[in-house]
Amino acid sequence: MTTSTTIPHGHIGELVRYFLRLGFLGFGGPVALVGQMERELVVERQWLTKEQMREAIAICQSLPGPLAIQVGVYISYLRGGFWGAWAGGWAFILPNFVIVAALGALYVYLGDLQPVTAIFYGVSPAVIALILHSCYRLAKLGMEDWLQWVIAAVCLAVTVILQAEVALLFIGAGIVGILYYGSLFKRTPPAALSVTVVPVLAQLAPTASGSILGKLLLFFLKAGSLTFGSGLVIVPFLEQGLVQQFGWLDQRQFLIAVAIGMISPGPVVITATFVGYLVAGFWGSVVSTIGIFLPSFLLVLIAAPLLARHRGNPNVQGFVKGAYAAAIGTILGACILLGRIAVGDWLTALIGLVSLAILFRWKVSNPLLIAATAVVGLIGFPLLQPTWVMTKF
């Protein structure tokens with residue numbers, strides 16, 4: 001695998017403009033967003049090469065935190081340096097924050113969001129189709145041989161059986177990649193492999209602060225530091241903390257928060273903004289958003305310079321290939337788990353299949369597909385009145 005050692009630095013303004021648009025119009029969760037970045041930044045704009053995109057995905061997948069934001073921060077770092085990473089990353093997050101905080105205000109001040117259930121009903125199977133289609137594109141980008149597919153199959157099975165993404169899978173797959181593709185037995189592996197370090201924020205506990213804002217901040221710092229890959233991972237963690245441990249939300253409020261995260265543009269973990277508003281108003285949404293995303297910036301900015309210096313080393317390349325395969329497998333496993341939530345009757349199954357067929361046959365924009373399936377949900381939900389939508393979790 002050959003990788004260019006340099007990439008032209010762009011202006012911070014173009015990074016801000018691109019990621020503001022992506023944050024406002026990007027639907028479908030982390031894999032769909034990464035797939036959209038791959039299509040637009042590698043194929044259309046040529047901001048980076050296929051190999052650099054593959055490295056970005058693999059290294060970000062092996063770190064805790066939301067995948068799409070981390071890839072966006074990493075690309076912004078390559079394109080605009082340290083300040084470009086901060087500008088591009090927060091530009092990516094800002095539209096999601098505004099939209100979801102506004103929805104939180106509507107929920108608090110207007111009572112309930114009954115249409116959300118119907119929209120969630122129609123959009124969820126389309127989200128599964130978006131993830132599957134994007135996973136197909138990512139597999140074409142970086143899956144090269146039989147060993148990567150074996151790693152992916154093992155990670156898929158483990159994800160489905162344990163019903164969670166296991167962080168050690170990525171590290172283990174990276175080690176397998178080093179042994180098979182690298183030169184471990186020829187020379188000592190470089191210090192660059194320290195990108196798999198355990199974040200220091202993992203030691204933080206929500207109970208460390210007596211104030212509600214402090215507890216929210218520390219809780220979401222921990223969530224952003226310990227969850228890997230996709231919004232699927234963060235759902236059980238949030239449910240245990242928000243509903244069972246602190247009692248900040250009841251089960252219905254929590255499910256609505258997850259629905260908001262899934263139907264809004266940007267990463268699914270923007271659910272934190274909605275939760276923060278419900279618990280402590282506007283400032284609660286601010287500290288929750290900072291808490292869930294700040295670890296991603298810190299980890300990527302620490303790991304990116306190490307990768308940039310040593311990415312030509314065969315051991316680093318082997319780790320990247322192994323971790324990339326693990327990412328594909330766990331994403332497919334997440335699709336199966338999310339599919340159990342999203343598909344529960346003939347209409348949702350039909351929405352998922354038709355959406356997948358449309359994505360493979362035509363270049364349909366994600367917002368258009370989301371809008372169309374939301375309308376189907378608004379029409380079909382009151383007619384069928386399915387009882388499983390808000391309980392099948």
Side-chain angles (χ1 to χ4, degrees), residues 19-20 23-24 26-27 29 65-66 68-69 86-87 89-120 123 201 204-227 231 233-298 390 393:
F19 282 108
L20 279 173
F24 186 72
F27 288 85
I69 291 296
W86 288 98
W90 288 113
F92 194 179
I93 295 164
L94 180 61
N96 319 143
F97 170 79
V98 173
I99 292 169
V100 176
L103 291 173
L106 287 173
Y107 183 85
V108 169
Y109 293 110
L110 299 182
D112 203 353
L113 290 176
Q114 293 292 343
V116 167
T117 304
I119 293 173
F120 176 76
V123 165
L201 290 171
L204 293 174
T207 55
S209 172
S211 71
I212 191 69
L213 291 178
K215 287 182 178 180
L216 276 171
L217 178 62
L218 291 177
F219 176 79
F220 283 108
L221 280 171
K222 186 175 182 179
S225 300
L226 296 179
T227 53
V233 183
I234 207 171
V235 168
F237 181 90
L238 294 185
E239 194 275 337
Q240 194 278 331
L242 299 172
V243 178
Q244 300 179 25
Q245 181 179 356
F246 292 105
W248 287 334
L249 305 180
D250 60 32
Q251 193 69 30
R252 174 171 170 75
Q253 289 173 324
F254 175 73
L255 293 178
I256 289 175
V258 174
I260 291 292
M262 291 187 68
I263 67 174
S264 62
V268 176
V269 296
I270 202 67
T271 294
T273 301
F274 189 84
V275 169
Y277 202 103
L278 265 59
V279 175
F282 174 77
W283 291 112
S285 68
V286 171
V287 300
S288 298
T289 304
I290 292 173
I292 199 69
F293 291 116
L294 182 58
S296 296
F297 284 84
L298 299 178
M390 298 302 291
F393 228 99

Next item on the list: Specify the closest pair of heavy atoms between L20 and A91, including all atoms of both residues, with the distance to one decimal.
Entry: CD2-O, 3.4 Å

Checklist line | Rounded distance [0.5 Å steps], OG in S288 versus CG in L242 | finding: 8.5 Å

Next item on the list: If the plane angle is over 60° it's perpendicular, under 30° parallel, otherwise tilted; pick one for F297 and W86.
Entry: parallel

Notebook entry, point to check: With a 4.5 Å heavy-atom cut-off, do F293 and W90 have their side chains touching?
Noted result: yes

Next item on the list: Evaluate the side chain to side chain contact (heavy atoms under 4.5 Å, CB included) criterion for residues I212 and W248: first the C-alpha distance (whole Å), next the side-chain angles of each, then the deciding distance (0.1 Å), finally the verdict.
Entry: CA-CA 10 Å; I212 191 69; W248 287 334; 3.3 Å; yes

Next item on the list: With rounding to the nearest 0.5 Å, note down the distance linking CZ in F19 to CD1 in I93.
Entry: 11.0 Å

Notebook entry, point to check: How long is the gap from CD1 on I69 to CD1 on I270, to the nearest 0.5 Å?
Noted result: 7.5 Å

Item checked: Qualifying residue, where the test is side-chain contact (heavy atoms from CB on, under 4.5 Å) with I290 and the options are V286, I292, V287 -> V286

Can I get a per-line list of side-chain donor-acceptor pairs under 3.5 Å for residues 272-284, giving both atom names and the distance, sequence neighbours left out?
| residue | atom | partner | partner atom | Å |
| --- | --- | --- | --- | --- |
| T273 | OG1 | T289 | OG1 | 2.6 |

